[in-house]
**Student:** 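Following this message is one structure expressed as C-alpha cells.
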Amino acid sequence: VSPAGSRPERAVADLRSLAELTGGPGGARRVAWTAEWRTARAWLEERLAELPVEVDIDAAGNLWATLEGTRPGFVAVGSHIDSVPNGGWLDGALGVLAGLELLRHHAEGPPPPVSLRLVDWADEEGARFGRSLFGSTAATGALDVEALRGASDGTATLEQAMAECGFELARANDAHGRLDGALAYLELHIEQGPVLERGGHSVAVVDGCNGVERHVVRLEGEAAHAGAAPMSMRRDPLLAAARAIPAVSDLAAQAGATATVGRIAAEPGVVTIVPAAAEFTLDLRHRDPDTLAELLASAQAVVADAATRADVEASWERQWGIAPVPFDPRLVELGREACADAGVEPLVVTSGALHDAAAVAPLVPTVMLFVPSRRGISHSAAEDTAERDLLLGVRVLDHLLDRVLRSAP
Ligand SMILES: [Zn+2]
C-alpha cells in the first residue's frame, strides 16, 4: 500500500472557495467563454502560481500545468472548470481541483518518475453554443471547426466569444498534439445519476461511456371524427405509439440498457379528432455496440408490429449517435486496486453521460472515477456530494495516480 500523501481536505476547501467566487444560491456561473469563466481560470492560475509548475494555455483554450518528471512522457489528470448556467459546484470542478491537490502533493516531494500534468479542458459543457467536449476534442485534432463557424447563442457567435477571451476558433485544432507523450489520462467526476448513492457506494471505477442511438419515430394513419369513426375502422397512430413505448422500455430493461421517450406529439392534437400522425423521440444507450444495435433492431420490430396492428405507417429518422467508448482495461484494474488501497469496496460502472475522457480515450489510455451525486441531481444548484465521499474520491485518485506512476515505462 502506497502512502498516498495528498490532503484531500485541501481540494474540498478549494472547491468551496471556487463556489464562493463563481457560484451562490443560484448555482455555478462558470459558462465557458464568459467573464465568470475567466474569473475562475484566473483564480486557478493564482493557485498554480504558488507551485513549481509550468502553466500554458493551448489554441483551444485548454489550460495545462506541468510538474516536470525525471523521464519523458506524462500522466494527465483533470476535468473542466466551466459549468452550465445555474450549474452545480462539483461538476467538472471536482476533477480539476483534485488534480490541483495531486500536483501540490507531488510538488512537496521528489520529482515524479514522469511528468504530472493537470488539464482544465475548455468548454466541456457546450452550454452556450451547443458543442460539448470542445477543448478535449480539439486536443485530439477532431474538432469540426467549419461546422462551428455559425454557432451563436443569439447575442454572439462562438467565434466572437472566443476572440473576446483571446482565442481564434479557426486555430482551435492547433491544440492537436497536446496529448502526444501522454501515458494515461485520469478523471475524477461526480456520477450525475443515482446508482452509487442507491447502492451505498462512495467511489466507483468507470469502465467507459455508453453508446447512444437517438431517433425520431413517426407514425402516420388517418384523421377521423372521435364520435363517428367506430373503433374497428380507425387508423390511429398515437395508439400504435402508446402500445410500442412500454414494449421498447421492457426490452431496454431486459438488456440492461436505457430507453427514453423524451417527447411525444400527436397531429393535429385536437380532443375530438383521431390523430393523423404521431411522433416520438427515442434515445437508446448501452455500453456494448452489439447489444445497442440489437436493441435498436428489436425496437424497430416492436414499432413495426404496433404499426401493423393499428394499420398505420412507421418511419425512423436517426438524429444523432455515438459508439460506446471503452476505457483502458489495465487502468480500470488499477482503479479497482486503488479503491482497495483506500479501503473502499471496488465497484465498476459504465457512464451514462459523456465526459472529456470519452474524447481522449481513443488516443490515450483513460479511466474515470465517480463519486455519488445526492439524489442523482446534477446541472443544478442542488447538486451535492457528501464531504466524506469527496475526500474518498480524491484519496482513491491519489492511489490510482501512484499506481500509474509506478507502472510507467
Ligand atoms: Zn462534467
Side-chain angles (χ1 to χ4, degrees), residues 11-12 14-15 18-19 22-23 27-34 36-37 40-41 44 60-63 76-101 118-140 143 185-197 203-210 212 285 322 325 327 349-361 366-385 389-390 393-394 396-397:
V12 174
D14 282 338
L15 280 164
L18 180 65
T22 58
R29 303 178 302 258
R30 299 181 296 272
V31 178
W33 322 114
T34 66
E36 295 258 15
W37 175 67
R41 270 286 175 86
L44 177 61
N62 304 311
L63 181 149
V77 181
S79 194
H80 59 96
I81 217 163
D82 74 303
S83 75
V84 296
N86 308 105
W89 69 300
L90 298 169
D91 179 1
L94 172 61
V96 173
L97 299 182
L100 170 66
E101 172 52 24
L118 170 67
V119 55
D120 168 21
W121 301 110
D123 204 355
E124 188 273 348
E125 298 286 3
R128 252 182 103 185
F129 301 103
R131 188 13 164 139
S132 304
L133 314 183
F134 176 93
S136 47
T137 304
T140 69
L143 192 70
Y185 173 66
L186 316 177
E187 182 170 350
L188 171 65
H189 204 280
I190 52 168
E191 181 197 1
Q192 305 181 283
V195 175
L196 268 66
E197 184 182 71
V203 183
V205 185
V206 185
D207 66 0
C209 292
N210 280 340
V212 182
R285 302 185 188 214
I322 186 169
V325 180
F327 291 159
V349 299
T350 305
S351 176
L354 282 172
H355 297 283
D356 291 308
V360 174
T366 292
V367 73
M368 291 185 76
L369 298 172
F370 276 171
V371 291
S373 295
R374 246 179 213 155
R375 292 167 53 222
I377 295 171
S378 183
H379 282 191
S380 146
E383 177 184 283
D384 203 9
T385 299
D389 294 338
L390 292 175
V394 181
V396 172
L397 183 68

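Read the numbers this way: they start at 1 and go in the same order the structure lists the ligands and their atoms. Worth knowing before you read on, the calculation uses all heavy atoms, side chains too, and leaves out hydrogens, waters and symmetry mates.
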**Student:** So, does Arg131 use its side chain to make a donor-acceptor pair with the main chain of Glu125 at under 3.5 Å?
**Tutor:** no
**Student:** Without hydrogens or angle criteria, can the side chains of Arg29 and Thr22 be said to hold a donor-acceptor pair below 3.5 Å?
**Tutor:** no
**Student:** Counting no waters, what protein N/O/S atoms lie under 2.8 Å from the Zn ion (ligand 1)?
**Tutor:** His80 NE2, Asp91 OD1, His189 NE2
**Student:** Out of Asp82, Asn62, Leu133, which one pairs with Asp123 under the side-chain contact (heavy atoms from CB on, under 4.5 Å) rule?
**Tutor:** Asp82
**Student:** Is the side chain of Glu197 donor-acceptor paired with the backbone N or O of Arg375 at a distance under 3.5 Å, no angle test?
**Tutor:** yes
**Student:** Does the side chain of Glu124 come under 3.5 Å of the side chain of His355 through a donor N or O and an acceptor N or O?
**Tutor:** no
**Student:** Please tell me whether Asn210 and Thr350 have a donor and an acceptor in their side chains that are separated by less than 3.5 angstrom.
**Tutor:** no
